[in-house]
Structure formats: C-alpha cells, structure tokens
Amino acid sequence: MLQVSRIKAEKNNIITALGKRGWSSDRMAILDQVIELDNSRKSIQTENDSYLSERNSLSKEIGQLFKAGKQDEANEAKKKVELLKTQIAETEEKLGRAVSKLEELLLEIPNIPHSSVPAGQTDEDNEVAKPWSDALPELGSEALPHWELATKYNILDMKLGVKITGAGFPVFRGKGSRLQRALINFFLDEASKAGYEEIVPPLLVNADSAKATGQLPDKEGQMYYVEKDDLYLIPTAEVPVTNIYRGDIVNVADFPIKLTGYTQCFRREAGSYGADVKGLNRVHQFDKVEIVQFQHPDQSYIALEEMVQHVEGLLQKLELPYRILRLCGGDLSFASALTYDLEVYSAAQKRWLEVSSVSNFETFQSNRLKLRYKDADGKKQLAHTLNGSALALARIIAALLENNQTEKGIVIPEALRSYTGFDIID
RNA sequence: GGAGAAUUGGCCGAGUGGCUUAAGGCGCUCGCUUGGAAAGCGGGUAUACCUCAAAAGGGUAUCGGGGGUUCGAAUCCCUCAUUCUCCGCCA
C-alpha cells in the first residue's frame with residue numbers, strides 16, 4: 001500500500017511509473033480521488049476533534065458543578081453535551097466512511113516499479129538480465145518428462161495423491177521422498193551459512209497477517225481457508241515470517257534482519273489445468289525454503305542483488321542451467337517494485353521453469369505491516385522488505401529428474417549426495 | 001471441551017465513575033556532582049492522527065480487541081481473544 005503523503009508529493013512520478021504497468025490514463029484518476037478524499041478526511045477529523053474536545057471540557061465542568069452543588073447549571077451543561085453527541089455521532093460516521101473508502105482506493109494501487117523495470121505487458125516482455133551462456137543440455141529422443149520418470153522409478157505418485165486428497169497433491173516415496181528432504185536441508189544450511197536466521201513458523205495464519213503481506217484482499221481465492229477458526233493456510237512462508245515484525249519499531253543497528261524458513265505451501269490455483277501444469281509444474285501443496293530480509297532503504301537494492309546471488313549459488317551447486325529475468329511492468333506482482341525471476345531449463349519438457357522469484361517491495365509491505373525504524377534524527381521511517389524463494393522444491397525436482405536422467409538412472413548432483421545418502425536413483 | 005482467575009506504558013506495579021495530566025518503582029537517556037566510577041540529586045523517556053510553512057505549542061484517540069451504559073469509563077455491562085490454575089482429552 002502506498003502512503004498518501006507519497007501520492008501527494010510524487011504524483012507525476014507515480015503516473016509515469018504506473019504507465020509502465022500498463023495503466024491507462026483513465027485509471028490514473030484514482031490518484032486524484034485519493035488526494036481529494038484524504039483532504040476531506042482531514043477536515044472531517046479536525047471538525048470531529050473539536051467537538052470531542054468541547055465535550056471533554058464540558059463534562060469536566062459538569063463534575064465540578066455537581067460538587068459545588070450547582071445542580072441547575074450542571075443540568076444546563078448536560079443538555080449542551082446532549083446536542084454535541086448527536087453532532088459527534090454524525091461526524092464520526094462520516095469520518096469512518098472516508099477512512100474506509102480511502103483504504104479501499106489505496107488497496108487498488110499497486111507498488112511503483114523501480115526505474116530499472118522494463119516497460120511491457122506480458123511475460124514476453126521480460127528482460128533477460130543474465131542469460132545462460134553455455135549450451136543447453138540436449139537429451140536423446142528417448143528422454144522422459146519428469147512425471148514419467150517418477151513412475152518409472154516409483155519416487156512420486158500423483159494418482160495416489162488424487163485418491164488421498166485430490167488433484168495436485170503429490171505423494172513422494174522412497175528415494176523421491178529422501179531427495180525432497182535432502183533439498184530442504186541443503187537449502188536451509190546454505191541460507192544459514194549466508195547469515196539467515198532459521199524460523200519454523202505456523203502454517204496457518206489469521207486475517208491480519210494475510211492482509212499485512214498483501215494476500216488479502218488481493219488474492220483471497222488463492223488461499224485455502226478454514227472457516228471454523230477463521231484461519232488461512234499459508235501460500236508461502238513469506239506470510240508468517242514477514243509478520244514476525246508486524247507493528248514493530250526496530251533499531252537501525254538491527255539491519256539487516258535476515259530470516260529463512262522452510263514450510264509447505266498451499267495454493268488453490270483455481271481453474272488451472274492442462275499440459276503446462278502437468279506433474280510437478282504446478283501443484284496445490286509444495287515445499288519451499290524462503291529467504292526474507294528487512295532492510296534500511298539505502299541498502300535494500302544491494303540486498304536484492306545479494307539475494308539473487310544466493311539463489312544463483314544454489315542453482316550452480318545443483319548444476320542446473322538457469323537464467324535470470326528482470327520482470328517487466330506488466331508482469332510485476334502487485335506489491336513488488338523490482339522482481340528477478342530465476343528459471344531453470346527443463347531439458348525433457350524443453351522449457352524454462354520458474355523456480356524462484358526475488359523481490360524488493362520497498363515500503364509497500366511495511367506500510368501495511370507498520371514496520372518502522374528510527375532514523376538518526378529519531379524520526380520513524382518505514383523499512384524495506386524483500387523476499388525470495390531459495391528455493392521452491394517441486395520444480396527443482398522436476399528439472400533434476402529430467403536433466404540428470406541417464407541409462408543407469410537419475411544422477412544426484414555432487415552437492416546433494418551427503419544429504420541424500422545415495423548418488424543415483426535407479 | 002468444562003470451571004475459576006487474570007490482561008494497565010519497554011518491564012514491574014497502584015488505581016472500583018470526575019482529585020488520573022495513569023501514582024510509585026525498574027530500565028534507558030541527558031545533565032549536575034567526581035581525578036574517574038558508583039552512589040546521590042535533577043530533567044527526559046509510548047503510538048497514531050489532526051492543527052501549524054517548519055519548529056515550538058495545542059487538540060483527538062488508545063489501559064488486551066470490539067461494542068454498549070453515562071454529561072463523563074482503566075474503573076460498570078456485553079462480546080471476542082489471550083494467559084494462568086484445576087478437570088477432561090491427547091501426540
């Protein structure tokens with residue numbers, strides 16, 4: 001959520017920036033609506049505060065009059081307050097309406113893209129920030145996609161998931177299960193080495209948390225919801241981990257705050273079926289290690305690069321061909337100012353699979369979180385938040401299975417062998 | 001799940017309708033004092049919003065959350081949440 005003060009101060013910049021996201025000039029009218037509504041909100045509040053102030057001083061007077069035994073004067077004053085109360089009820093209702101309408105409008109405005117974000121509408125327009133310079137792996141014609149390899153080696157059973165739960169809930173078994181666990185431990189160890197504190201958060205969150213990181217109201221249909229307890233299953237560890245600092249005022253000296261967490265992630269992905277989402281390409285439940293940083297605004301873009309490098313390091317150790325995309329304005333998520341997607345080449349499917357998305361949200365999330373720090377002058381400022389997948393398992397496994405298939409079986413990359421305890425799946 | 005008790009500032013804690021501008025203490029911080037330190041003494045020490053060109057100052061709200069009663073609520077009522085004790089169930 002953008003701050004109203006920023007919309008007022010930087011309206012023209014914001015118009016340019018939203019243009020990058022493909023906003024038409026009609027939609028830009030919302031900015032003026034916000035400014036106008038905020039001005040009227042202020043004048044209503046000023047009015048209301050003066051009524052409240054009057055009521056408070058009259059009430060005090062009444063108390064003193066009663067004590068002095070001046071019943072008549074006291075009753076006179078009571079009548080005045082009686083009138084004021086009607087007035088207050090009216091202005092308070094107006095104020096409440098203005099505040100909620102303002103918030104409604106603000107929730108419709110996405111984050112301002114960073115200056116380096118390329119213009120463009122769709123994923124076709126994303127910029128390849130770092131291409132894969134070597135030759136892409138070529139497999140023979142007998143190469144199998146991961147869902148067939150999974151059956152061949154009995155390490156993953158999608159049909160069993162259908163029986164137990166429904167479509168999109170994979171069941172890993174045997175070496176597939178071990179591989180899963182190995183990757184989780186590998187990713188967490190690497191994050192710890194990079195200075196991230198490990199967190200095991202709750203997998204269900206309340207509405208306040210979901211709202212603070214932007215899942216509500218924007219992506220309500222994306223989350224599984226437990227009605228009886230009014231809780232949401234997390235779509236990513238970002239939600240509970242980022243909310244650790246909701247409402248906090250931290251010390252500048254605490255920056256950078258670096259957290260990592262492994263969780264299972266649950267996404268309804270309503271209405272998506274077809275070849276693109278076959279096997280592990282898109283599932284309702286998957287495992288992911290997430291990295292999160294809270295940063296001083298001056299440092300956040302340095303941190304973003306560092307996070308991308310961390311994820312690159314993981315892919316290098318797993319010996320997977322990857323490329324890095326800088327998302328264009330149209331493909332950028334609602335809350336993000338700058339996002340790098342890391343994609344891994346899946347040799348059997350002959351396509352790039354997104355395995356990580358690393359973003360700087362600047363103050364967009366922290367404004368909802370109310371996460372602040374005190375600057376050198378003791379003034380409170382919003383912190384910057386960043387997060388990235390490091391990494392999402394399902395698609396990594398898909399790529400590992402496909403790219404590493406040989407006649408003898410699926411070869412486990414060197415870096416993982418101490419975690420898996422075996423070097424081939426056969 | 002049932003019964004009872006509780007929730008006050010960074011922390012402890014007083015406060016049963018107007019004397020609260022939330023006492024007192026601890027912590028933190030600044031100053032005085034000192035050769036230096038401790039002790040002592042004095043000051044400061046929540047958040048959001050409004051007002052003000054800015055600062056200073058002023059106003060409003062917040063005593064777990066929400067709602068209500070009242071001229072007036074930390075205090076009374078309703079409701080929800082959380083914590084503790086006991087019972088039940090349980091990996």
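In what follows, every chain begins at residue 1, and chains take the letters A, B, ... in the order their sequences are listed. Quantities reported herein were computed from a predicted structural model and do not represent experimental measurements.
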Trainee: If you look at every strand shown and take non-hydrogen atoms under 4.0 Å, does N56(A) touch a base, only sugar-phosphate, or nothing?
Mentor: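 Counting heavy atoms under 4.0 Å across all strands, the contact made by N56(A) is with sugar-phosphate only.
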Trainee: So N126(A) and C328(A), side chain to side chain contact (heavy atoms under 4.5 Å, CB included) or not? Walk me through it.
Mentor: CA-CA 5 Å; N126(A) 291 335; C328(A) 73; 3.5 Å; yes
Trainee: Which nucleotide, in any strand shown, forms a Watson-Crick or G-U wobble pair with U45(B), with both distances under 3.5 Å?
Mentor: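 In the structure as shown, U45(B) has G27(B) as its Watson-Crick or wobble partner.
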Trainee: Phosphate oxygens OP1/OP2 of C49(B): is one of them under 4.0 Å from a side-chain N or O of R41(A)?
Mentor: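 No, R41(A) has no side-chain N/O under 4.0 Å of OP1/OP2 on C49(B).
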Trainee: Base, sugar-phosphate alone, or nothing: which one does E82(A) contact when heavy atoms must sit under 4.0 Å apart?
Mentor: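 Touches sugar-phosphate only.
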Trainee: Work out how far the C1' atom of U16(B) is from that of C30(B), and round it to whole angstrom.
Mentor: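 Going atom to atom, C1' in each nucleotide, I get 39 Å.
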Trainee: NA contact type, L52(A), heavy-atom cut-off 4.0 Å: base, sugar-phosphate, or nothing?
Mentor: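 The residue L52(A) makes sugar-phosphate contact but no base contact.
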Trainee: Using atom CG of L37(A) as one end and atom P of C49(B) as the other, report the distance to the nearest whole Å.
Mentor: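 It works out to 16 Å between those atoms.
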Trainee: Please state the C1' separation for the pair G43(B) and A81(B) - nearest whole angstrom.
Mentor: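 Roughly 40 Å separates the two C1' atoms.
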Trainee: So which nucleotide does A53(B) pair with, by the Watson-Crick or G-U wobble rule with both distances under 3.5 Å?
Mentor: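 When the pairing criteria are applied, nothing turns out to pair with A53(B), so the answer is none.
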Trainee: On a whole-Å scale, what distance lies between the C1' atoms belonging to G57(B) and G65(B)?
Mentor: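 Nearest-Å result for G57(B) against G65(B) at atom C1': 33 Å.
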Trainee: Any idea which of G18(B), U70(B), C50(B) is nearest the S59(A) side chain?
Mentor: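 The closest nucleotide is G18(B).
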Trainee: Distance check needed: C28(B) P versus K374(A) NZ, whole Å only.
Mentor: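 One finds 16 Å between P of C28(B) and NZ of K374(A), rounded.
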Trainee: Using the closest heavy atom to pick a nucleotide of RNA chain B for each, name whichever of D38(A) or G63(A) lands nearer the 5' end.
Mentor: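 Result of the comparison: G63(A).
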Trainee: Under a 3.5 Å cut-off for both contacts, is G18(B) paired Watson-Crick or G-U wobble with anything, and if yes, with which nucleotide?
Mentor: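 When the pairing criteria are applied, C71(B) turns out to be the nucleotide that pairs with G18(B).
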Trainee: Kindly say if S53(A) contacts the phosphate of U60(B), meaning a side-chain N or O under 4.0 Å from OP1 or OP2.
Mentor: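 Answer is yes, contact under 4.0 Å.
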Trainee: Is a side-chain donor-acceptor pair under 3.5 Å present for S300(A) with N360(A)?
Mentor: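 The answer is yes; a qualifying pair exists.
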Trainee: Taking the P atom of each, how far is G24(B) from C41(B), in whole Å?
Mentor: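 Straight-line distance between the two P atoms is 14 Å.
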Trainee: How far does the C1' atom of G13(B) sit from the matching atom of A74(B), given to the nearest Å?
Mentor: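 Going atom to atom, C1' in each nucleotide, I get 14 Å.
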Trainee: For K42(A), does its backbone N or O pair with a side-chain atom of T46(A) as donor and acceptor, under 3.5 Å?
Mentor: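 Yes.
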Trainee: So K380(A), base contact, sugar-phosphate only, or nothing? Heavy-atom distance under 4.0 Å.
Mentor: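 The answer is sugar-phosphate, as K380(A) gets under 4.0 Å only of primed atoms, P, OP1 or OP2.
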Trainee: Once you round it to whole Å, what is the distance between C1' of A48(B) and CG of N367(A)?
Mentor: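 After rounding, the reported distance stands at 13 Å.
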Trainee: Pick the C1' atom in A23(B) and in C78(B), then give their distance to the nearest Å.
Mentor: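 About 31 Å, rounded to a whole number of Å.
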Trainee: Give the rounded distance in Å between these two atoms: CG of L84(A) and P of U70(B).
Mentor: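 Distance check: L84(A) CG to U70(B) P gives 16 Å.
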Trainee: Decide whether a cation-pi geometry holds between K175(A) and Y153(A); the criteria are a distance under 6.0 Å from NZ or CZ to the six-membered ring centre and an angle within 45° of the ring axis.
Mentor: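 Output no; distance or angle outside limits.
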Trainee: Please determine, by modelled atom types, if T363(A) and S366(A) share a side-chain donor-acceptor pair under 3.5 angstrom.
Mentor: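 Looking only at side-chain atoms, S366(A) and T363(A) do not form any donor-acceptor pair under 3.5 Å.
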Trainee: Both I249(A) and D49(A) contact RNA chain B. Which one's nearest nucleotide lies toward the 5' end?
Mentor: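 Here I249(A) is the residue nearer the 5' end.
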Trainee: The side chain of Q45(A) is closest to which nucleotide in this list: G18(B), G72(B), C50(B)?
Mentor: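 Ranking G18(B), G72(B), C50(B) by closest atom to the Q45(A) side chain puts C50(B) first.
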Trainee: Searching all strands shown, indicate the nucleotide that pairs with G1(B) (Watson-Crick or G-U wobble; both distances under 3.5 Å).
Mentor: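 Because both required distances fall under 3.5 Å, G1(B) counts as paired with C87(B).
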Trainee: Rounding to the closest angstrom, what is the interatomic distance between A6(B) and C76(B) at atom P?
Mentor: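 Looking at atom P only, A6(B) and C76(B) are 11 Å apart.
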Trainee: Do Q215(A) and Q222(A) have side-chain N/O donor and acceptor atoms under 3.5 Å apart?
Mentor: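 No pair is found: no donor N or O on one side chain lies under 3.5 Å from an acceptor on the other.
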Trainee: Tell me the partner of G9(B), counting only Watson-Crick (N1-N3 plus N6-O4 or O6-N4) or G-U wobble (N1-O2 and O6-N3) with both under 3.5 Å; none if nothing fits.
Mentor: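 Because no pair has both required distances under 3.5 Å, G9(B) counts as unpaired.
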Trainee: Pick the P atom in U20(B) and in U34(B), then give their distance to the nearest Å.
Mentor: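 Here U20(B) and U34(B) have their P atoms 38 Å from each other.
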Trainee: Can you tell me the distance, in whole Å, between the CD1 atom of I44(A) and the C1' atom of C50(B)?
Mentor: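 Taking atom C1' of C50(B) as the reference, CD1 of I44(A) is at 12 Å.
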Trainee: NZ of K370(A) versus P of U47(B): gap in Å, rounded?
Mentor: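 Spelled out: NZ on K370(A) to P on U47(B) is 15 Å.
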Trainee: Within the structure provided, determine whether Q180(A) and D287(A) are in side-chain contact (heavy-atom separation under 4.5 Å).
Mentor: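 A side-chain contact under 4.5 Å exists here.
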Trainee: Report the distance from atom CG of L371(A) to atom C1' of A48(B), rounded to the nearest whole Å.
Mentor: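 After rounding, the gap between these two atoms is 16 Å.
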Trainee: Only pairs with both distances under 3.5 Å count, Watson-Crick or wobble alike; so what is the partner of U33(B) in this structure?
Mentor: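 Pair assignment: U33(B) / none.
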Trainee: Starting from P on C49(B), measure out to NZ on K8(A) and report it in whole angstrom.
Mentor: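 Roughly 12 Å, once rounded to whole Å.
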Trainee: Has R372(A) got a side-chain N or O lying under 4.0 Å from the OP1 or OP2 atom of A46(B)?
Mentor: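 For A46(B), neither OP1 nor OP2 has a side-chain N or O of R372(A) closer than 4.0 Å.
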Trainee: With both distances under 3.5 Å as the test, what is the Watson-Crick or G-U wobble partner of A38(B)?
Mentor: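 Paired with A38(B), as far as the under-3.5 Å criterion goes, is no nucleotide at all.
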Trainee: Distance check: side-chain N/O of N75(A) vs OP1/OP2 of C71(B), anything under 4.0 Å?
Mentor: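 No.
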Trainee: State, to 0.1 Å, how close F286(A) and P235(A) come at their nearest heavy-atom pair, and which atoms those are.
Mentor: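 Distance-wise, the nearest heavy atoms are CZ-O, 4.4 Å.
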